[in-house]
Amino acid sequence: MHWVGTHGGSGESTLETWLGGRACGHRWPRATPGGEATVATVLVARRTHNGMASASAAARQWAAGAVPDVNLLGLVLIEDAPGKVPRELQRQAKVLSGAVPRTWILPWIEDLRVHGEADPASLSHAATRTLASLREVVEEHTPAQKRNV
């Protein structure tokens with residue numbers, strides 16, 4: 001299971017730390033000879049105009065068949081600020097969600113901004129639910145010996 005950040009600071013390394021899998025930075029993973037024919041991948045982006053524009057570009061690459069090694073499972077959008085999401089960002093996220101198999105939205109997590117890390121046990125109910133859903137995907141697509149526990 002691979003996390004592909006579509007831009008710097010998207011959050012793929014945090015998801016790797018919390019859930020396992022492998023953060024690929026900003027590169028599409030490739031299947032290895034003798035391994036799986038396709039590589040399970042989730043895109044990660046901040047829910048900002050620029051973050052969603054970069055996620056949209058990645059989704060277009062995938063949809064055009066430019067990354068045949070990738071089994072795109074979906075996209076994680078990570079909120080970039082507390083409070084109500086501006087209407088235009090909501091609209092952009094809805095359009096982008098139609099371009100990928102599945103979308104998860106991880107709510108704002110203050111500790112990530114202030115301290116650079118957060119204890120998953122202290123997260124909001126909404127964040128915990130989103131991470132639980134993502135954990136199911138990781139467990140389905142990652143051999144047990146490679147998961148972070």
Side-chain angles (χ1 to χ4, degrees), residues 1-29 31 35-36 38-63 67 69-149:
M1 219 315 286
H2 294 77
W3 307 104
V4 175
T6 65
H7 58 89
S10 60
E12 77 273 16
S13 61
T14 298
L15 292 174
E16 175 190 45
T17 298
W18 286 349
L19 300 172
R22 180 174 160 226
C24 293
H26 315 297
R27 301 176 310 278
W28 289 106
E36 297 290 325
T38 60
V39 183
T41 304
V42 174
L43 296 172
V44 183
R46 291 283 174 188
R47 194 171 176 182
T48 63
H49 173 79
N50 290 339
M52 288 190 288
S54 66
S56 179
R60 281 193 307 274
Q61 287 177 339
W62 170 74
V67 286
D69 290 356
V70 170
N71 172 18
L72 185 62
L73 304 174
L75 165 69
V76 178
L77 291 174
I78 301 177
E79 298 294 3
D80 75 317
K84 186 173 169 134
V85 176
R87 186 173 302 181
E88 179 58 20
L89 293 180
Q90 291 176 20
R91 186 194 68 74
Q92 289 175 13
K94 184 175 182 178
V95 169
L96 182 55
S97 292
V100 294
R102 184 168 179 189
T103 303
W104 296 267
I105 296 179
L106 189 60
W108 169 254
I109 301 171
E110 181 81 21
D111 282 348
L112 286 176
R113 184 172 192 201
V114 175
H115 305 293
E117 59 184 43
D119 178 3
S122 69
L123 299 179
S124 70
H125 181 66
T128 301
R129 266 195 340 260
T130 301
L131 290 174
S133 178
L134 287 164
R135 182 172 283 111
E136 289 176 13
V137 170
V138 170
E139 289 174 355
E140 181 179 339
H141 295 282
T142 304
Q145 68 271 20
K146 290 187 178 182
R147 280 188 230 140
N148 291 346
V149 183

Compile the donor-acceptor pairs under 3.5 Å between side chains in residues 116-123 and protein atoms, sequence neighbours left out, one pair per line.
from	atom 1	to	atom 2	distance (Å)
D119	OD1	A121	N	3.0
S122	OG	D119	O	2.8

Q. Which atoms form the tightest heavy-atom contact between A59 and V100, and what is the distance?
A. CB-CG1, 3.9 Å

Q. What distance separates L77 CG from T48 OG1, expressed to the nearest 0.5 Å?
A. 9.5 Å

**Q.** Separation of E136 CD from H141 NE2 (nearest 0.5 Å)
**A.** 11.0 Å

Q) Given side chains that start at C-beta, do those of W3 and T14 come closer than 4.5 Å, heavy atoms only? A) no

Q | For W108 against A81, the heavy-atom pair lying closest together | A | CE3-N, 3.3 Å

Q.
Show the nearest heavy-atom pair for residues L15 and L106, with the distance to one decimal.
A. CD2-CD2, 4.4 Å

Q | With Q92 via side-chain hydrogen bond (donor to acceptor under 3.5 Å, both in side chains) - residues at least two apart | A | H49, E88

Q. When rounded to the nearest 0.5 angstrom, what distance separates SG in C24 from CD in E16?
A. 8.5 Å

**Q.** Approximate separation, where rounding is to 0.5 Å, of L75 CG and T41 OG1
**A.** 12.5 Å

Q) When rounded to the nearest 0.5 angstrom, what distance separates CD in Q61 from OG in S56? A) 10.5 Å

**Q.** Donor-acceptor pair, side chain of H26 and main chain of G5, under 3.5 angstrom
**A.** yes

**Q.** T103 and L96, any side-chain heavy atoms less than 4.5 Å apart
**A.** no

(Q) Ignoring hydrogens, what is the shortest heavy-atom contact between A45 and T6? Give both atom names and the distance. (A) CB-OG1, 3.4 Å

Q. Any side-chain donor-acceptor pair under 3.5 Å between S133 and R129?
A. no

Q.
Treating Q90 as the side-chain partner and V85 as the backbone partner, does any N or O pair qualify as donor plus acceptor under 3.5 Å?
A. yes

Q) Counting distance only, does the side-chain N/O of R46 pair as donor-acceptor with the main-chain N or O of G9 below 3.5 Å? A) yes

Q. Taking C-beta and beyond as the side chain, do V70 and P29 meet within less than 4.5 Å on heavy atoms?
A. yes

**Q.** Minimum side-chain heavy-atom gap T130-I105 below 4.5 Å
**A.** no

Q: Using modelled atom types only, decide if a donor and an acceptor are shared between the side chain of W104 and the backbone of I78 within a distance under 3.5 Å.
A: no

Q. Is the number of heavy atoms from other residues, nucleotides or ligands under 6.0 Å of R102 CZ greater than 12?
A. yes

Q: Please report the C-alpha distance between W62 and N71 in whole Å, then the side-chain angles of each, then the deciding distance to 0.1 Å, and finally whether the side chain to side chain contact (heavy atoms under 4.5 Å, CB included) criterion is met.
A: CA-CA 9 Å; W62 170 74; N71 172 18; over 6 Å; no

Q: Using atom types as modelled and distance alone, determine if a side-chain donor or acceptor of S97 lies under 3.5 Å from a backbone N or O of A93.
A: yes

**Q.** D69 side chain vs V39 backbone, donor-acceptor pair below 3.5 Å
**A.** no

Q: Supply the atom-to-atom distance L134 CG to M1 CE, rounded to the nearest 0.5 angstrom.
A: 7.5 Å

